[in-house]
Every structure is written in structure tokens, then in C-alpha cells.
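Written below as C-alpha cells is the structure these notes are about.
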Amino acid sequence: YGVKSDGTIWGIGVSGDGRIGDYSSNQNSWVPIGTDTDWISASAGVFHGNAMKSDGTIWGIGSGSYGVLGVSASGDNTEWVQVGTDTDWKSYIAGRYTSYAIKNDGTIWGIGDSDYNKLGPGGNSSTWRIIGSDTDWIDVKDSGNYAVALKEDGTIWGIGKNNYNILGVGPAATDYWVQIGLEDSFKSLAVSNYTVYGLKEDGTIWGIGDGTTGQLGSGVSSSSSWIQVESDSDWIKIAGNTSTLYAIKSNGTIWGIGKG
């Protein structure tokens, strides 16, 4: 998805489930999704998308399975539908049949599929549900069977399935937030399948979990504690995709590690 300077949303790629509007085939060029002009951001999930308006509301499009688009949008949706009625959202992410969002008060909320209790106790939800009571969250990512989030103090926390000890040494799954390792000073995070990454204030990248495709560096098949990924310290941005990590250096070059 992309939001233009005139506030319209555009999409490109797979059109299944109505994710890019009422198009019967995949699109290899950008097409407008709706006619509204007050969008400020958008996030593409696996089978649905979310977007935020200038009034602080969150909207969704595509598959409404597991209630991820709200109570009245259970099927495929080719038009944007408002997800809940709240207007105090600060950030959000569309995942796999699940969406997470952070409010202006620093609380985390989730909606949709709660596989492995990644929305906390209570099963799936077609309304926004608060996850825990902490009020110092600044970012959240979904990775299918688990989610991770970043706090103001630079620590990273996780909830859901613990494959490859992605959440650190502990139970096979958890329905509450657990701190991942003892490292802090993280300023951003990324996920790729069963690997979590954190970018530290000093420009280094760290990872934990699955390393079977080289995504944690040479010779590391998995790790249940944070390890530095390579030795460079000039990274400024990271993003995960499947079993690959992409990162941007301070000189503007893009790099990748993991599955090619």
C-alpha cells in the first residue's frame, strides 16, 4: 500500500480477499483503493490491510476472518470498513488474521486471530482487546503465531508461540508479555518468521531465534539469547520478510541477510 500526498490510498500486487479493492485480478501497477482523501498511513497484512485516517480511526480491507475487521465484516471486503470506533490510536500493524495497535496512552490492543494466545487470554476477538496493562509501548510487530513489542526503556517483549526459543528460554507458549532476554537500548525491531531482530542505539543489529537460513549470521542455526548479527555499527533501519532481514546503512545502501 501507499498513501499519496493528497491523502488517497493506492495498492499493487495480489488482489485476493479484496485487499486492494474491487479488482478481479492481481494488479501490476498502482490502483486507487476507494476515494477518501484523509488517509495518513497504511499497513499490508497477509490477507487483510489496515489504514489510519487523520481523525485517529483505524480501518480495514480484505479478509475479515477471525473477526480481524470487526463484528460486521466477517467475509471478504473490497471496501474500507472501520475497525471499532476508537479515535485515539497512535500506531498499528496488520499481520496474519490479526492486527495490533498502540494507543496514545501507550497501551497495546489486538483484534482477530489469537492463535497460541497471542492476544492474551480469551481466544479470538472481533473487538479490540487490551493486552496487558503496561502503558509504555512504542512499537509492535506480528509474525503469525507470536507478536513482539518494544518499550520506551529499549527492551523487547513477546507473546504467543515460542518456537526456536524466539521469546527466550521459557514455556512453549505464553498468553502474557514476557521480556526477551536481558538486552536493552533497542530503538526499533523487526520480525521474519521465527527470528526477531532489534536495532540498538549504537547502530548494531541483534537477533534471536531461528538462524537456519543464515539470518543470524554465519554458522548460527538458532539462538535463545540475543546475539549481534555481523559486526557493523552503522545501521539506521531494519525490516523483516519471511526468512530474510533487510537493513539500511547510514550511507543509504540497502543490505540483506538470510534466505535469498
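All heavy atoms count here, side chains included; hydrogens, waters and symmetry mates do not. Each residue takes its place number in the sequence, starting with 1. If you're wondering where the values come from, they're calculated on a predicted model, not measured in any experiment.
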Subject >> Minimum-distance pair of heavy atoms, taken over all atoms of H48 and S99 >> reply: NE2-OG, 2.9 Å
Original post:
Does V3 reach the side chain of T8, with side-chain heavy atoms less than 4.5 Å apart?
Top reply: no
Subject >> Hydrophobic cluster membership, L216 vs I205, 4.5 Å side-chain cutoff >> reply: yes
Original post:
Is the number of heavy atoms from other residues, nucleotides or ligands under 6.0 Å of E79 CD greater than 12?
Top reply: no
Original post:
Got a second to check how far I238's CD1 is from L189's CG, nearest 0.5 Å?
Top reply: 6.5 Å
Original post:
Within the distance-only criterion (no hydrogens, no angle test), does the side chain of D134 pair as donor or acceptor with the backbone N or O of D136 below 3.5 angstrom?
Top reply: no
Original post:
When you check the gap from the basic side-chain N to the acidic O, do D202 and K200 get nearer than 4.0 Å?
Top reply: no
Subject >> Worked verdict on Y100 versus W128 for ring-ring contact (aromatic ring centres under 6.0 Å, His included) >> reply: CA-CA 9 Å; Y100 293 94; W128 289 104; 8.6 Å; no
**OP:** May I ask you to test the F186-W226 pair for a side-chain heavy-atom distance under 4.5 Å?
**Re:** yes
Original post:
Do D184 and T155 touch side chain to side chain, with heavy atoms closer than 4.5 Å?
Top reply: yes
**OP:** Give the C-alpha distance, both sets of side-chain angles, the deciding distance and a yes or no for side chain to side chain contact (heavy atoms under 4.5 Å, CB included) between V196 and I208.
**Re:** CA-CA 5 Å; V196 176; I208 188 172; 3.9 Å; yes
Original post:
Is a donor on one side and an acceptor on the other found under 3.5 Å between the side chain of N117 and the backbone of G160?
Top reply: no
**OP:** Return each pair, listed once, that meets side-chain hydrogen bond (donor to acceptor under 3.5 Å, both in side chains) where at least one residue sits in residues 227-238; pairs must be two or more places apart or across chains.
**Re:** D232-K249
Original post:
Are any of the side-chain nitrogens in D115 or R96 under 4.0 Å away from the carboxylate oxygens of its partner?
Top reply: yes
Original post:
Do you know which two heavy atoms are closest between V191 and D142, and how far apart they sit?
Top reply: CG2-O, 3.7 Å
**OP:** Return yes when atom CG of D55 has more than 12 non-hydrogen atoms of other residues, nucleotides or ligands closer than 6.0 Å, and no otherwise.
**Re:** yes
Subject >> Neighbour count >12 (heavy atoms, 6.0 Å) for atom NZ, K187 >> reply: yes
Subject >> Side-chain donor or acceptor of S221 paired with backbone N/O of G211 under 3.5 Å >> reply: no
Original post:
Under 3.5 Å, is there a donor-acceptor pair between the side chain of N251 and the main chain of T253?
Top reply: yes
Subject >> Residue pair V83 / I111: nearest heavy atoms and the distance that separates them >> reply: CG1-CD1, 3.7 Å
Original post:
Other than I254, what residues sit in its cluster of Ile, Leu, Val, Met, Phe, Trp and Tyr side chains whose heavy atoms are under 4.5 Å apart, directly or through others?
Top reply: I236, I248
**OP:** Could you state whether V148 and I102 fall into the same hydrophobic cluster, counting links through intermediate Ile, Leu, Val, Met, Phe, Trp or Tyr residues with side-chain heavy atoms under 4.5 angstrom apart?
**Re:** no
Original post:
What residues, two or more places apart in sequence or in another chain, satisfy ring-ring contact (aromatic ring centres under 6.0 Å, His included) together with Y92?
Top reply: none
Subject >> Joint hydrophobic cluster, I166 plus I180, side-chain heavy atoms closer than 4.5 Å >> reply: yes
Original post:
Where is the tightest heavy-atom contact between S192 and N241, given as atom of each residue plus distance?
Top reply: CB-N, 3.8 Å
**OP:** Treat each ILVMFWY residue as a node, draw an edge where side-chain heavy atoms are under 4.5 Å apart, and state whether I257 and V220 are in one component.
**Re:** yes
Original post:
Hey, what do you get for CG (N124) to CG (L119), rounding to the nearest 0.5 Å?
Top reply: 7.5 Å
**OP:** Apply the test side chain to side chain contact (heavy atoms under 4.5 Å, CB included) to residues T37 and D6: give CA-CA distance (whole Å), side-chain angles for both, the deciding distance (0.1 Å), then the verdict.
**Re:** CA-CA 6 Å; T37 59; D6 63 2; 5.7 Å; no
Subject >> Shortest non-hydrogen contact between S114 and G123, atoms and distance >> reply: CB-O, 3.3 Å
**OP:** First locate atom CD of E152, then atom CD1 of I138, and finally report the distance between them rounded to the nearest 0.5 Å.
**Re:** 6.5 Å
**OP:** Step through the shown structure and confirm whether more than 12 heavy atoms of other residues, nucleotides or ligands are within 6.0 Å of CG on D36.
**Re:** yes
Original post:
Does S25 reach the side chain of Q27, with side-chain heavy atoms less than 4.5 Å apart?
Top reply: yes
**OP:** Would you mind reporting whether N77 and L69 have side-chain heavy atoms less than 4.5 Å apart?
**Re:** yes
Subject >> Exercise: identify the closest heavy-atom pair between R19 and I33 >> reply: O-CD1, 4.1 Å
Original post:
At what distance, to the nearest 0.5 angstrom, does OG of S54 lie from CG of D38?
Top reply: 4.5 Å
Original post:
Taking ILVMFWY side chains as joined if any heavy atoms are under 4.5 angstrom apart, and letting links pass through other members, which residues group with W30?
Top reply: W10, I12
Subject >> Residue pairs fulfilling side-chain hydrogen bond (donor to acceptor under 3.5 Å, both in side chains) with at least one residue in residues 61-76, sequence neighbours excluded >> reply: S63-S65
Original post:
Side-chain contact, heavy-atom cut-off 4.5 Å: Q215 with D210?
Top reply: yes
Original post:
With sequence neighbours left out, which residue pairs that include part of residues 159-178 fulfil the side-chain hydrogen bond (donor to acceptor under 3.5 Å, both in side chains) condition?
Top reply: Y116-K161
Subject >> Joint hydrophobic cluster, I159 plus W137, side-chain heavy atoms closer than 4.5 Å >> reply: yes
Original post:
After noting the C-alpha distance and the side-chain angles of K259 and T242, does the key distance pass the side chain to side chain donor-acceptor pair (under 3.5 Å) rule?
Top reply: CA-CA 8 Å; K259 188 174 182 179; T242 314; over 6 Å; no
